[in-house]
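Before any comments, here is the structure.
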Amino acid sequence: MMWRPFIFSCLIACTGKLVSTSCPFDITPPRVVVRFGDSLSANCTSLSNHTDGMGWESPFGGVDFTQGVSSLLFKIDSVPVWELEPMCYVNSRDGDQCVKSLPVTVYKMPDSVSLKNLRTVEEGRQFVIQCDVVNVAPARNLSVVWHKGNKILSSQTFEESSPSPVSKSSVITLTAHRDDDGAEIWCEAKLNLWPEEQGPPPVRSEAHNVNVLYPPTFTNNPNENLEMTVGSKISLNCTAKGNPVPSYHWQFPNFTQVWYRSHDVNHPILTPSSKFPGVYICTASNSQGTATKYFIITKAPRDQTIIATIVRLLVAFGLLLFLAFLVFTTHRGIFSCKKGDYLQGQPTSSVPV
């Protein structure tokens, strides 16, 4: 910006007085944020009644000194540079001159935002993901925000003096956990140039689903003791959660091996026959490890089975008596068990022949 010292020296030489930085005029807007290649405009208005004239100094869009005006427009149809600071100057009738600069920030949103180093990771291990932001300006106002699901993980800013576009990278280090398996991670780049509710939206990378490898873990109790009664059915649940998806292997009591040889047992749930109590062993395995679960199946004690059978017989016998009572009792209240009828509420006068 070689023109700026020349302007100040010229102003001092022409007026013979030090340029003032406390000026009785306003620039509207007082600050400009403009996208590279877009138009820019600002208005300089004097607040004094003794204004002789005013002008704009700028390498692009400058306006020559104009006498007899108290307001002067500065305009560029297409901003062609990354650094620009036009100045409005006002000359008063008594020979004083005031100068005020218009801060201009020229920006460019990134061409792309993308993730790198995406890979499958084992539980407990650290892994690194990189977010690349390509051709953004000014990078000193850049923030890269990391997201996992609905949670913000971290945010990074950059020290960068160049006003022109540069590429930046942000790196995050995470520790793999099984709860993060399948979670979405992404990054977004935003320029902090406006109030939060204004300005263009952030540029977001594509989301990456984290793939965490971990050994099988049973979804319910690790071991179970089950009691089998005659005629009952039980289910052995060996369902396990893991990545990769676990495969299953069952071991049965020795005397059941032949019976189960013809059955498909490579699945997590088994319904054994009531004829075969004993210890059933299930193993869930994947590339990360194995987990074993024991099912101890016993038959109910014989005396309990006999008692249960007697109770069921008594209940059935009582039900039969009740049904018989309903059959032999008419809707008039007559109970029939002989040739003669007995009518409730009336004495018998003779014995039927």
Side-chain angles (χ1 to χ4, degrees), residues 1-8 27 29-42 56-62 74-87 100-119 121 126-149 151-174 184-210:
M1 306 297 291
M2 298 298 297
W3 55 275
R4 190 177 301 170
F6 170 77
I7 292 173
F8 280 104
I27 298 178
R31 173 177 175 267
V32 173
V33 176
V34 59
R35 185 172 61 181
F36 184 84
D38 284 0
S39 62
L40 179 157
S41 64
W56 282 92
E57 286 290 347
S58 174
F60 300 96
F74 171 76
K75 184 177 181 181
I76 300 177
D77 292 332
S78 177
V79 175
V81 292
W82 295 102
E83 194 170 27
L84 184 67
E85 191 174 358
M87 294 188 299
K100 184 179 287 188
S101 298
L102 172 65
V104 177
T105 301
V106 183
Y107 77 91
K108 177 187 177 298
M109 297 302 290
D111 293 339
S112 64
V113 178
S114 59
L115 296 178
K116 285 178 60 177
N117 301 336
L118 306 177
R119 61 185 180 88
V121 62
Q126 287 190 333
F127 63 104
V128 175
I129 303 180
Q130 180 172 312
C131 178
D132 290 335
V133 183
V134 179
N135 289 335
V136 62
R140 62 178 175 270
N141 296 98
L142 172 67
S143 290
V144 173
V145 182
W146 286 91
H147 297 260
K148 183 179 71 174
K151 179 182 178 181
I152 295 178
L153 296 177
S154 66
S155 178
Q156 182 179 354
T157 56
F158 302 87
E159 294 184 4
E160 177 60 53
S161 59
S162 173
S164 57
V166 294
S167 296
K168 292 292 182 180
S169 295
S170 175
V171 174
I172 188 171
T173 301
L174 302 171
E184 284 191 339
I185 288 184
W186 74 92
C187 64
E188 62 180 11
K190 63 179 182 178
L191 290 175
N192 304 302
L193 298 171
W194 309 265
E196 188 173 351
E197 67 277 4
Q198 299 178 9
V203 180
R204 172 177 167 170
S205 72
E206 291 187 3
H208 166 64
N209 291 100
V210 182

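Count residues from 1 along the sequence. Hydrogens, waters and symmetry mates play no part in the numbers below; they use all other heavy atoms, side chains included.
With K116 contributing its side chain and D132 its backbone, the two residues share no donor-acceptor pair below 3.5 Å. Judged purely by atom type and a 3.5 angstrom limit, S205 uses its side chain to pair as donor or acceptor with the backbone of C187. Judged by distance alone, the side chain of S58 and the main-chain N or O of F60 form a donor-acceptor pair under 3.5 Å. Within the 3.5 Å criterion, the main-chain N or O of G37 finds a donor-acceptor partner in the side chain of S78.
The side-chain heavy atoms of W186 and V113, taken from C-beta on, include no pair separated by under 4.5 Å. A heavy-atom distance below 4.5 Å is not found between the side chains of V121 and L174. Contact of the S167 side chain with the N135 side chain is registered, since non-hydrogen atoms from C-beta on lie closer than 4.5 Å.
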Assess whether side chain to side chain contact (heavy atoms under 4.5 Å, CB included) is satisfied between V144 and K168, documenting all intermediate values.
-> CA-CA 9 Å; V144 173; K168 292 292 182 180; over 6 Å; no
Would you check, one step at a time, whether the test side chain to side chain contact (heavy atoms under 4.5 Å, CB included) holds for L191 with M109?
-> CA-CA 8 Å; L191 290 175; M109 297 302 290; 3.7 Å; yes
Are V34 and V104 close enough, and set up right, to give a side chain to side chain contact (heavy atoms under 4.5 Å, CB included), and what steps lead you there?
-> CA-CA 7 Å; V34 59; V104 177; 3.9 Å; yes
What do the steps show when you test I172 against I185 for side chain to side chain contact (heavy atoms under 4.5 Å, CB included), and what is the final call?
-> CA-CA 11 Å; I172 188 171; I185 288 184; 5.8 Å; no
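Residue P165 comes nearest to K108 through the heavy atom pair CG-CD, 4.0 Å, listed as atom of the first residue, atom of the second, then distance. What you find for G199 and W194 is that their closest heavy atoms are CA-CD2, 3.6 Å. Heavy-atom minimum distance, S143 versus S155: CB-OG, 4.3 Å. Of all the heavy atoms in A42 and I27, the pair that sits closest is CB-CG2, 4.2 Å. Taking every heavy atom of both residues into account, S101 and M87 meet most closely at OG-CG, 3.3 Å. What you find for C131 and W146 is that their closest heavy atoms are CB-CZ2, 3.4 Å.
A distance of 10.5 Å separates CG of N209 from CG of L118, quoted to the nearest 0.5 Å. One distance of note links NZ of K151 with CD of E184; it measures 16.0 Å at 0.5 Å rounding. In this structure, CD in E206 is found 11.0 Å from OG in S112, a value given to the nearest 0.5 Å. Note that the CD1 atom of I129 and the NE2 atom of H208 stand 5.0 Å from one another [nearest 0.5 Å]. Considering CG of N117 and CZ of F127, their distance stands at 11.0 Å, rounded to 0.5 Å. Note that CD of E83 and OG1 of T105 are 10.0 Å apart. Values are rounded to the nearest 0.5 Å.
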